[in-house]
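This report refers to the structure that appears directly beneath it.
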Amino acid sequence: GSDASDLLKYNQLMYRKKCVKFKRSHIHGWGLFAEETIGADEMVIEYVGQLVRSIVADRREVDYTKRGIGSSYLFRIDTDHIIDATKCGNFARFMNHSCNPSCYAKVISVDGAKKIVIYSKDTIKPSDEITYDYKFPIEDEKIPCFCGASNCRGTLN
Ligand SMILES: Nc1ncnc2c1ncn2[C@@H]1O[C@H](CN(CC[C@H](N)C(=O)O)CC2CN(Cc3cccs3)C2)[C@@H](O)[C@H]1O
């Protein structure tokens, strides 16, 4: 099933990381870009960070917002768990949102530990920006989306 394939691809990714780097993005600030061709349905990168429970993340979000960091290094895994990449994370935290993304996020279990991995949807060419749909919950205070896709929804939330 997909679990076995997830595990195989995760181990392959740990053995040989995909060549990616962060550069200025046309979408927003810094973005993550492929430096090699990445095939369709490949595991591109893990969204690394601290696994925290929702109540801890809520407290941190208030603190980060007060310190002007904002809350967008927080990645929700499920109703009770969040990955916080604010203090420790990898390049994955530079990925921007797109309404027509090159990748998608998936929660997998590795030895019982939940992890967020980013899979390519289609072939990604060198210097393509690596994006995924943030799937932010709908909010009153809108964040305008600059992904520029023809099917852009106009906002992130
Ligand atoms: N399609 C989009 N349209 C508009 N804005 C976007 C899009 N997609 C990502 N965004 C912004 O990017 C944040 C997600 N960020 C991804 C990387 C970001 N580009 C960066 O340079 O750090 C991480 C958060 C942590 N914050 C630190 C900051 C850096 C500069 C101003 S605040 C940004 C999001 O919360 C958004 O504010």
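First listed ligand is number 1; within each ligand, the first listed atom is number 1. Being a predicted model, the structure only gives us computed values, none of them experimental.
H97 places a side-chain heavy atom less than 4.5 Å from the side chain of C145. A heavy-atom distance below 4.5 Å is found between the side chains of I77 and I116. Taking the side chain as every heavy atom from C-beta outward, Y104 and I118 never approach each other to under 4.5 Å. Residues V52 and R60 are in side-chain contact: their nearest non-hydrogen atoms beyond the backbone lie under 4.5 Å apart.
We find the CG-OH distance between D84 and Y64 to be 3.5 Å, quoted to the nearest 0.5 Å.
For atom 14 (C) of ligand 1, the closest heavy atom belonging to the protein is Y134 OH, 3.4 Å. Ranking the protein heavy atoms by distance from atom 33 (C) of ligand 1 puts S72 OG, 3.9 Å first. Y73 OH, 4.0 Å is the protein heavy atom nearest to atom 27 (C) of ligand 1.
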Next on the checklist: Would Y134 and N96 count as a side-chain contact (heavy atoms from CB on, under 4.5 Å) here? Give the steps.
Outcome noted: CA-CA 8 Å; Y134 280 13; N96 283 317; 4.3 Å; yes
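Remark: distances from the non-hydrogen atoms of C99 to ligand 1 are all 4.0 Å or more. Remark: distances from the non-hydrogen atoms of C145 to ligand 1 include one below 4.0 Å.
A cation-pi contact links K23 to F33, judged by a cut-off of 6.0 Å to the six-membered ring centre and 45° from its axis.
When each atom of ligand 1 is checked for a heavy atom of F94 under 4.0 Å away, the hits are 17 (C). When each atom of ligand 1 is checked for a heavy atom of G29 under 4.0 Å away, the hits are 21 (O). Atoms of ligand 1 lying under 4.0 Å from any heavy atom of W30, numbered from 1 in the order shown and given with element: 17 (C), 18 (C), 19 (N), 20 (C), 21 (O). Within ligand 1, the atoms closer than 4.0 Å to a non-hydrogen atom of M95 are 16 (C), numbered from 1 in the order shown.
No side-chain N or O of E42 forms a donor-acceptor pair with one of S120 less than 3.5 Å apart.
Counted within 6.0 Å of NZ on K17, heavy atoms from surrounding residues, nucleotides or ligands total more than 12; the atom is thus considered enclosed.
At a heavy-atom cutoff of 4.0 Å, ligand 1 is contacted by the side chain of I27 but not by its backbone. Heavy atoms of L156 found under 4.0 angstrom from ligand 1 belong exclusively to the side chain. Residue P144 touches ligand 1 through its backbone alone, judged by heavy-atom distances below 4.0 Å.
The N/O atoms of N96, backbone and side chain alike, include one that comes under 3.5 Å of an N/O atom in ligand 1.
Distance check for atom 7 (C) of ligand 1: a protein heavy atom is found below 4.0 Å. In this structure, atom 3 (N) of ligand 1 is in close contact with the protein, since a protein heavy atom lies within 4.0 Å of it.
Although no hydrogens or angles enter the test, the distance criterion places a donor-acceptor pair under 3.5 Å between the side chain of K142 and the main chain of N157.
Among H97, H28, R93, R153, the residue whose heavy atom sits closest to atom 30 (C) of ligand 1 is H28.
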